[in-house]
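Input: a single structure, listed below in C-alpha cells.
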Amino acid sequence: MPGSLAMENDGSAPTVKANTIDELHSLQRKKNITPSASQTDLHTLSEEERNKQQLQSISASLASLTRETGPKVVKGDPSSTSRSETKGVAHVPHHRVTPTIAVSDSALKFTHVFYNLSPAELYEQAIKHEKGSFITSNGALATLSGAKTGRCPRDKRVVKDDLTENELWWGKGSPNIEMDEHSFMVNRERAVDYLNSLDKVFVNDQFLNWDPENRIKVRIVSARAYHSLFMHNMCIRPTPKELENFGTPDFTIYNAGQFPCNRYTHYMTSSTSVDINLARKEMVILGTQYAGEMKKGLFSLMHYLMPKRQILSLHSGCNMGKDGDVALFFGLSGTGKTTLSTDNNRYLIGDDEHCWSENGVSNIEGGCYAKCIDLSREKEPDIWNAIKFGTVLENVVFDEHFRGVDYSDKSVTENTRAAYPIEYIPNAKLPCVGPHPKNVILLACDAFGVLPPISKLSLSQTMYHFISGYTALVAGTEEGIKEPQATFSACFGAAFIMLHPTKYAAMLAEKMQNHGATGWLVNTGWSGGSYGCGSRIKLPYTRKIIDAIHSGSLLNVEYKKTEIFGLEIPTEVEGVPSEILDPENTWSDKTAYKETLLKLAGLFKKNFETFTDYKIGEDSKLTEDILAAGPIF
C-alpha cells in the first residue's frame, strides 16, 4: 500500500515478536545476568535483597545528619517512562524514630541512582544531559570542567581535631589548611542537600590499591556522568562478584562541584571548597567541577592511611623489567617522569601513585591521567593510542564538524587531560603489583645547568633530595626573562602529603636499606650553561642513562665526587659522551659555573630551613646525617 509503513508478510522475511515499539526496544537490550554463587548456597542473597541492601547503603550515605532520614532512592533513569527500568526502593531513617511528616521537599521525592554504570551508559547520560559533552573522532568523550580547569590547593581544607592535631603536618610549608568539624558539617549538609535535590545522582563503588591485603573501598556520589566515568577509569573497577559483597565503604566523596560553598561559612575564602574529614572518612567538594580534585583527594587520604600500616605512599611512576627488576620514578612536572617510566621494553605498573609495603609495590589507581597538551603520535604513541572509546578527554578543543581533536589548542586551558583505564596501555602489568624496587630514580630538570646528568646517591642523600623535591622552571620567556626559577615540592608531591615530609623520607630510606635499593639523581635539564646559554641534555642520552640504571651496569663503574653537592658521578656510561657526565667540563666559563653552582646550593639550603627545626610529636630535630647530605659550602 503506497505510503504505508507496514510490510506485508509473504513468509520470506521473519517478523519481530513485538506488538509495540517499546516492546521492540526492550528486546534490543538483554538482561545482564551476573554469575552468582551456587544457587544451592543458602547464604546467597537474591538479586532483589542485594539490590535493597545496596540502596539502603546509598540512602544512608546521603542522609542529612540533622534533620531527616536518608532520601528515597531508586535505581534507574528518571527520564524513562517504564517502571520496569527502575529497581528497588530504599528509605533509611537516620534517627531511630521515623518522622511522621516529611520535613522538606526532597523527602517527598525519589532520587534516582545510577549505580556503577558502564562507560557506554555514561556516554549516553553525558551526551543527553551535559552541555559540552561530545564524542570525538577517536571515540573518546570530550567534556568541560567548567570555570576551574585545575586543582585549587588554596581552597583545600582538612579538619583539625584531637586526632589530626598531632598527627598531621600543619603550619609553614604544609599543604594542610585547617577547618573545624562544625564548618565541615555545614559544607557536608550543603553538598548532601544539593545532591538530594536532584532527580538523579551517580554512585561509584570502587577500590584503591591493587594490593588485596591493603585495599580501600571508596564510594563516589556525584551529579555528573563525566565525574562518574572519570572515577570509573581512575579507581580500580570491581568485578560483579566483588560488587555483590562490597558492603559499607571505607571512605565517601560527596561531589557537589556545580554548587558553590557559602562564603560566610567560617574558614571559606572563595566559592570553592574541597574538604577532608579523616575521622568521618568523608570528602566534600563544592564550587569546582574539575575531576582531578577527586583523584588527588583520595591520594591525600592514602598518604594518611597507608603510613599508619607501615606502608609508604609515593607520588611516582613505576615500571618493571622482564626479569622482575622494579624502578620508581619521582619528578615534578616537566622532568620527564611519564616519558621515562613509559618504556616499551618494560611493564608499566603505574604512572602516578604507588604504595610500597612488605609485599612489594602496588599501584593505588586503576587508570592514568595524562597531559594532552601538544600530544603527538610520534612522541607519545601509548598515550595517543589509549585515547579511544571509554577515555575522558578534559577541556580539549576539536573540529566542530569532524570532531578531530587539536591537542595544540590551548583555548580552554593548557591543562588538557585524558583519563583512561590502565589496561589501555599495551604493556601494563595486570594486576598492577610488583616485587620490591631495585632502583629509586629522582628526576630534576635543572635549568641552571650545574647538576650532573646522573649521580649515585647515598641513603642520606636520597632522603635529602627526596625531601627537597627540586626542579627548575624556565620563567616567562615571552617577557624576555631568561632566569630559571627553582621549584621545590617536598617528597615530589607536597600538595598531597598529610604527614611531615621527614616521616615519608625515613620510611623510604628504611625500605631501600631493607631491600637493597639504590638511589639515583638524574638531571634531564641543561648542560654547558644555564637556560639561554647551554642546551637541554638530549633525550636519547637520558634514555641510555636510565637503561644503564636498569641493567645494573652503573654499579660496576668508577665514580668521582663533585664539590659543594658531594654527588658521586660515574666516569663512563655506555652510549653517553663521557665529557658531559661532569657538568663543569661542559661550561666554557668556569667562573660562571662556580657562581651558578653556589647560587643553586644556596636555594637548596634556604628551602631546607623549613624542615630543620620541625618537631614530629616526641621527635626533636632532623638527624644530622640528612643535613650533612645537602650542599656543603
Side-chain angles (χ1 to χ4, degrees), residues 34-35 116-120 122 139-140 204-218 220 228-246 295 298-299 302 306 311-329 337-370 380-392 417-439 550:
T34 56
N116 277 45
L117 292 196
S118 68
L122 290 166
N204 292 42
D205 279 351
Q206 295 183 252
F207 299 118
L208 296 177
N209 197 354
W210 284 83
D211 173 3
E213 285 178 33
N214 295 291
R215 202 160 67 168
I216 301 295
K217 298 188 289 185
V218 291
I220 304 102
S228 187
L229 181 57
F230 177 90
M231 293 308 273
H232 169 88
N233 289 349
M234 293 311 302
C235 295
I236 298 165
R237 293 157 289 285
T239 63
K241 190 75 196 135
E242 287 170 334
L243 209 51
E244 276 182 22
N245 305 313
F246 193 82
K295 167 187 156 68
L298 290 176
F299 191 30
M302 295 298 275
M306 292 298 110
I311 295 166
L312 178 58
S313 46
L314 300 164
H315 187 219
S316 69
C318 181
N319 67 22
M320 185 178 91
K322 303 283 191 280
D323 298 327
D325 59 295
V326 168
L328 292 171
F329 292 82
K337 182 178 74 164
T338 305
T339 306
L340 295 169
S341 61
T342 306
D343 185 330
N344 287 332
N345 299 314
R346 295 173 67 81
Y347 300 111
L348 181 72
I349 289 173
D351 73 328
D352 196 45
E353 303 175 8
H354 292 88
C355 286
W356 188 350
S357 73
E358 280 311 299
N359 304 328
V361 287
S362 56
N363 190 348
I364 288 173
E365 302 181 293
C368 304
Y369 193 34
E380 304 276 11
D382 283 350
I383 296 173
W384 179 277
N385 292 326
I387 298 174
K388 57 186 181 183
F389 180 81
T391 297
V392 175
R417 296 272 184 163
Y420 48 85
I422 193 160
E423 54 266 31
Y424 282 17
I425 298 292
N427 59 332
K429 180 181 180 306
L430 293 167
C432 304
V433 294
H436 295 287
K438 283 273 164 275
N439 293 294
H550 290 322

Can you give me the closest heavy-atom contact between [X] and [Y], atom names plus distance?
X	Y	result
Gly350	Ile422	CA-CD1, 4.0 Å
Tyr424	Phe389	OH-O, 2.6 Å
Ser316	His354	O-ND1, 2.9 Å
Ile311	Cys355	CG2-CB, 3.7 Å
Pro435	Gly324	CG-O, 3.2 Å
Ala140	Ile387	CB-CG2, 3.9 Å

How would you list, by chain and number, every residue that makes a ring-ring contact (aromatic ring centres under 6.0 Å, His included) with [X], sequence neighbours excluded?
X	result
His315	Phe299, Phe496
Phe207	Phe246
Tyr420	none

Contact between [X] and [Y] at the side-chain level, heavy atoms closer than 4.5 Å - yes or no?
X	Y	answer
Pro437	Val361	yes
Ile364	Met306	no
Ile383	Thr342	no
Glu423	Leu430	yes

side-chain contact (heavy atoms from CB on, under 4.5 Å) assessment of Gln206 paired with Met231:
CA-CA 9 Å; Gln206 295 183 252; Met231 293 308 273; 4.1 Å; yes
How far does CD of Glu353 sit from CG of Leu208, to the nearest 0.5 angstrom?
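Those atoms lie 8.5 Å apart.
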With sequence neighbours left out, write down each residue that passes side-chain hydrogen bond (donor to acceptor under 3.5 Å, both in side chains) with [X], or none if nothing qualifies.
X	value
Ser228	Asn204
Asn116	none
Ser362	Asn209
Trp356	His436

Between [X] and [Y] (side chain of the first, backbone of the second, donor and acceptor by atom type, cut-off under 3.5 Å), is there such a pair?
X	Y	answer
Asn233	Gly367	no
Asn319	Ser341	yes
Thr391	Ala386	yes

Step by step, would you call Ile216 with Leu298 a side-chain contact (heavy atoms from CB on, under 4.5 Å)?
CA-CA 10 Å; Ile216 301 295; Leu298 290 176; over 6 Å; no
The test is side-chain contact (heavy atoms from CB on, under 4.5 Å); show your working for Asn427 and Asp382 and say whether it passes.
CA-CA 9 Å; Asn427 59 332; Asp382 283 350; 3.9 Å; yes
For Tyr347, the side chain to side chain contact (heavy atoms under 4.5 Å, CB included) test, sequence neighbours excluded, returns Met320, Lys322, Lys429
All side chain to side chain contact (heavy atoms under 4.5 Å, CB included) counterparts of Pro431, not counting sequence neighbours
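For Pro431, the residues satisfying side chain to side chain contact (heavy atoms under 4.5 Å, CB included) (neighbours in sequence not counted) are Trp210, Val433.
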What pairs of residues pass the salt bridge (Lys or Arg N to Asp or Glu O under 4.0 Å) test when at least one of them lies in residues 205-218, not counting sequence neighbours?
Asp205-Arg219, Arg215-Glu242
What residue pairs, at least two apart or across chains, pass salt bridge (Lys or Arg N to Asp or Glu O under 4.0 Å) with a residue in residues 340-352?
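Applying salt bridge (Lys or Arg N to Asp or Glu O under 4.0 Å) to every pair that reaches into residues 340-352, excluding sequence neighbours, yields Lys295-Asp352, Lys296-Asp352, Asp325-Arg346, Lys337-Asp352.
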What do you reckon, is CG of Asn245 surrounded by more than 12 foreign heavy atoms closer than 6.0 Å?
yes
